[in-house]
Structures are given as structure tokens and as C-alpha cells.
Amino acid sequence: MKKFFASIYSPEPCNTGRQLELDIFRFILIYRLAIVHVFVDASPPEALDVLGIPYYFDSVVGGVIGAPRFMMMMGIGLAYTRHGSPKELLRRGIKLGIVGFVLNVFRYLIPSLVGYAISGDTIKYLKPLPYLFFGNDILQFASLAMILMALLLYLKLSPEKIFGVALALSVVGTFLRSVDCHNTVLNVILGHFIGIETVSGEPYIYSDFPLLIWFIFYAFGYIFGRFYRHLKDKKRFYLLVSPICIAIAAAFCIWEIRGGFGMMMGEGANVFYHMHTVEAFICIIACIGLLIIPYGLSFILPESLKKPILSVSRNVNSIYCIHWVLVWWTVDVFLYCSKAGPYLSSGPAYLLGLGLSILSMLLAQIWSQLKIKYKRKTV
């Protein structure tokens, strides 16, 4: 093991610029966001709980190899950024929290009021609105994770100690799941930190991305990013490590699927949000294993595609916000209120998701160019 590590690791940083395979990895994640969320919102709930195409996009693409990768890429980005001081990270975390709040205005508040005005459906639009508007999603998690990381860096903890803190939080989070405070306000607030699941009352709350459970992905991404900067033999690393990681992750996922238990692959569209520590490690292993795909693509990718991929990779936050607004207005308002009904079969759902994904990327690029022009005018 020591010889293998010495053969791939350089004492001095050797991968300090943008890494094409990481940009490709991020692109693969981003372009599928709209597809996953169209399947989630436009599929019958029961279709998300049994094996099939909707289940695949929700629990596999959006679950095991989706959201954890998003968090890990955040941590990797922190390892590579030149603006990662505690003060700068705290500022970014607060800013991201504000962005998440503004997103919820256009993603949940306005379309829900419009949808209710059209349909009069209180259960669909009004009852879950407080939870949706004030609840936690990826941006809210990212905001809290950055603030926590800023504190840990301010305390000058080593990367290993930071991961130790994340591991401890994950273990504690494992035991603080399926908690119901029997108070909607408390459930919404605490849902940002622990696994809230209401057993009675309305609305039904199942907290997404609680900090204690999900911080481990951000922390591991930070450590992996620091390691990656010193990885001098990527080919050897991927050829030896990735197949083992993929085999372990696949075996575990199949075991959970066949058994119908566990939080990561068990029945229920949302259960993976409350995965336990062992499952978190399986997701980490799966993400490391799958890095071999973008690494291989980086050698055969035409030059004409590299610039668009880089653009998407740089506009992650904008694409994320835009795609959610498009999905909610398209699926949860127009489709839900139409005579055609709220659900789509797999083919139309995929095509709609792909179309919204492409549109999100284009709009994000336009938004990026407008911001650049505005900055130039104000300088």
C-alpha cells in the first residue's frame, strides 16, 4: 500500500489548475438535474418506490450518484479555490443562504400562489408551502456547510480533524433520524440539522439534506481535493482504485435493493436524505469509482465541447436555480393544472427534462454574460 501511494502521490502540488475530468464530472451531474426533478415531480408517487425508470432517476441518478457528488464537488472546489479563507467562506455561505431564500420565492411561493389561484387545490399548493419555502434544500445545506467549515478552518483544524468532526456528526445524525417535534415550526427549523420526519399532522415533513448527515460529503470532498492536487499518476489511481470502488458500491446497492431495506436504496422516494454513516461511505466510494468515466472522456473529448463544458461547470449555481424555477412552473403549475393531468410517462418526462436542462444552461450562460457586462460598466 505504501509503495502504491508513493507511486501516485507527489509531495508537491502538481494538479493546481482546472482539472478537465472534474469539470466533465460536474457537467454530467448538472445536465441531469432537470431530468431527475421532472421524473420526481411528474411521476406517480408509487412509481418512485418500485424498480423502474422513475426509480432509477430518483434513487440512483438523483440519489446515490447524484446529490452526494454535488456535495463532494463543493468540497473539492474549496480545496482548489484561492478564496477559501474562513472570512471569505463565511461570506459565501451567507450569500448562498440569501440566494436559496430568493430561489424559494420564484420556485415555490409565486408558482404555488398562481397554481392555487388556477386550481383551488389547497393540499397541493398551500399546505406544504410553509415547509417548502422555509425548509432545507441543497442551497440551504451548502450555506450551513460553508459556515460550519469556515468555523473549523478558523479554529485551524487539520483536514483530518475536520473529517473527524464530520464523521462524528454523521454518527450523531444516524441516531437523530425520524424525529418529530410535533410542531411545524420546530420541525422546519431543526430539519436543517437533523432527520425530521413527521408522523402526524400536516404538512408531512421529511427534511432534505440535514447538516449532520450530509456534512461528511463536503468534508471528504475537501480532503479528496487536497489529495487530488498532489495526484501525479491519475491513470494508475483510476485503473486500480475505481474498479474496486464501483464493485463495492454496486454490491451494497444491489443488496439494499433486493432486501428493500436501508435508507439509501430502500422503499420511498425521499429515504436517502436520512442515510446512515455506512451508506454515506458507500456513496463516497461510488463517486470516487465513477470518476474514471470523466477521466477517460477527458482524453477523447473534442476541443469544441470543452469550452461549453467548462462554461456549465462555472455556472453551477445559476443553472441549479434556473432549472428549479423552470421545473416547478412547467410541471407543478402548467402540467398539474392542465386537463392532461399531472403525470407523464417515462419518454415524455425524459424529453421534457432534457429540454429544460438545455434551456437552463443557455439561460445561465446569458445571465453570466450580463453580469460580466455589468461589472465592466461599473469598474
Side-chain angles (χ1 to χ4, degrees), residues 9-23 25-26 29-30 67-103 136-170 192-193 209-231 284 287 310-321 364 367-368 371-372 374-376 378-379:
Y9 187 84
S10 168
E12 298 297 325
C14 51
N15 298 317
T16 56
R18 294 198 72 94
Q19 306 299 303
L20 179 58
E21 65 274 12
L22 296 182
D23 284 322
F25 202 47
R26 194 178 287 108
L29 168 65
I30 293 302
R69 184 193 306 181
F70 201 99
M71 313 308 186
M72 282 181 59
M73 293 304 295
M74 283 172 46
I76 293 173
L78 175 60
Y80 271 86
T81 184
R82 292 174 294 178
H83 306 286
S85 70
K87 183 177 181 180
E88 290 172 309
L89 199 57
L90 175 62
R91 187 184 301 116
R92 288 172 57 195
I94 295 174
K95 181 180 178 181
L96 207 54
I98 296 173
V99 171
F101 181 82
V102 173
L103 169 62
N136 57 316
D137 201 351
I138 284 182
L139 292 184
Q140 286 74 21
F141 163 81
S143 173
L144 292 173
M146 286 182 179
I147 293 172
L148 175 56
M149 183 65 83
L151 173 62
L152 298 178
L153 292 177
Y154 177 78
L155 295 174
K156 300 186 184 303
L157 297 188
S158 66
E160 293 76 18
K161 289 182 179 179
I162 289 175
F163 186 72
V165 171
L167 180 60
L169 292 178
S170 176
H192 288 267
F193 303 94
F209 308 114
L211 181 67
L212 268 66
I213 293 175
W214 284 81
F215 185 71
I216 192 170
F217 297 112
Y218 186 40
F220 180 84
Y222 177 59
I223 289 182
F224 184 76
R226 289 174 63 91
F227 163 77
Y228 208 75
R229 288 166 57 90
H230 294 261
L231 185 58
I284 288 171
C287 290
L310 179 60
S311 174
V312 169
S313 182
R314 285 174 169 167
N315 292 325
V316 168
N317 288 346
S318 297
I319 295 172
Y320 178 83
C321 293
W367 175 249
S368 177
K371 287 194 298 182
I372 292 173
Y374 176 77
K375 288 182 180 180
R376 287 174 179 172
T378 55
V379 173

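For reference, positions follow the sequence shown, starting with 1. In what follows, every heavy atom counts, from backbone to side chain, and hydrogens, waters and symmetry copies are set aside.
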State the [atom1]-[atom2] distance between [X] and [Y], to the nearest 0.5 angstrom.
X: Leu89; Y: His83; atom1: CG; atom2: NE2; answer: 12.5 Å
X: Tyr80; Y: Thr16; atom1: OH; atom2: OG1; answer: 7.5 Å
X: Leu153; Y: Leu78; atom1: CG; atom2: CG; answer: 6.5 Å
X: Arg314; Y: Asp23; atom1: CZ; atom2: CG; answer: 8.0 Å
X: Glu160; Y: Ser158; atom1: CD; atom2: OG; answer: 4.5 Å
X: Leu152; Y: Lys161; atom1: CG; atom2: NZ; answer: 12.0 Å

Taking side chain as C-beta onward, heavy atoms only, is [X] less than 4.5 Å from [Y]?
X: Arg26; Y: Val316; value: yes
X: Phe224; Y: Ile284; value: no
X: Ser143; Y: Arg92; value: no
X: Ile216; Y: Leu169; value: no
X: Ile223; Y: Phe227; value: no
X: Leu139; Y: Val99; value: yes
X: Leu144; Y: His192; value: yes
X: Met71; Y: Met74; value: yes

Examine distances only and state if a side-chain atom of Asn15 and a backbone atom of His230 form a donor-acceptor pair shorter than 3.5 Å. no

Is the backbone of Gly17 close enough, under 3.5 Å, to the side chain of Gln19 for a donor and an acceptor to pair up by distance? yes

Take Leu211 and Phe141 through the test side-chain contact (heavy atoms from CB on, under 4.5 Å) and record every step on the way to the result. CA-CA 6 Å; Leu211 181 67; Phe141 163 81; 3.9 Å; yes

Distance-minimising heavy-atom pair for [X] and [Y]:
X: Arg18; Y: Ser313; answer: NH2-OG, 3.4 Å
X: Arg229; Y: Ala79; answer: CD-O, 3.5 Å
X: Cys287; Y: Met72; answer: CB-SD, 3.7 Å

Given side-chain hydrogen bond (donor to acceptor under 3.5 Å, both in side chains), test Asn315 with Tyr320 step by step and report yes or no. CA-CA 9 Å; Asn315 292 325; Tyr320 178 83; over 6 Å; no

Given side-chain contact (heavy atoms from CB on, under 4.5 Å), test Leu151 with Leu90 step by step and report yes or no. CA-CA 8 Å; Leu151 173 62; Leu90 175 62; over 6 Å; no

I'd like to know whether CZ of Phe101 has more than 12 heavy-atom contacts from other residues, nucleotides or ligands below 6.0 angstrom. no

Looking at Arg226, I'd like to know if its CZ atom is crowded, meaning that more than 12 non-hydrogen atoms belonging to other residues, nucleotides or ligands lie closer than 6.0 Å. no

Under a 3.5 Å cutoff, is there a donor and acceptor pairing between the side chains of Ser85 and Glu88? yes

Between Phe209 and the options Phe215, Trp214, Tyr218, the ring-ring contact (aromatic ring centres under 6.0 Å, His included) test singles out Trp214

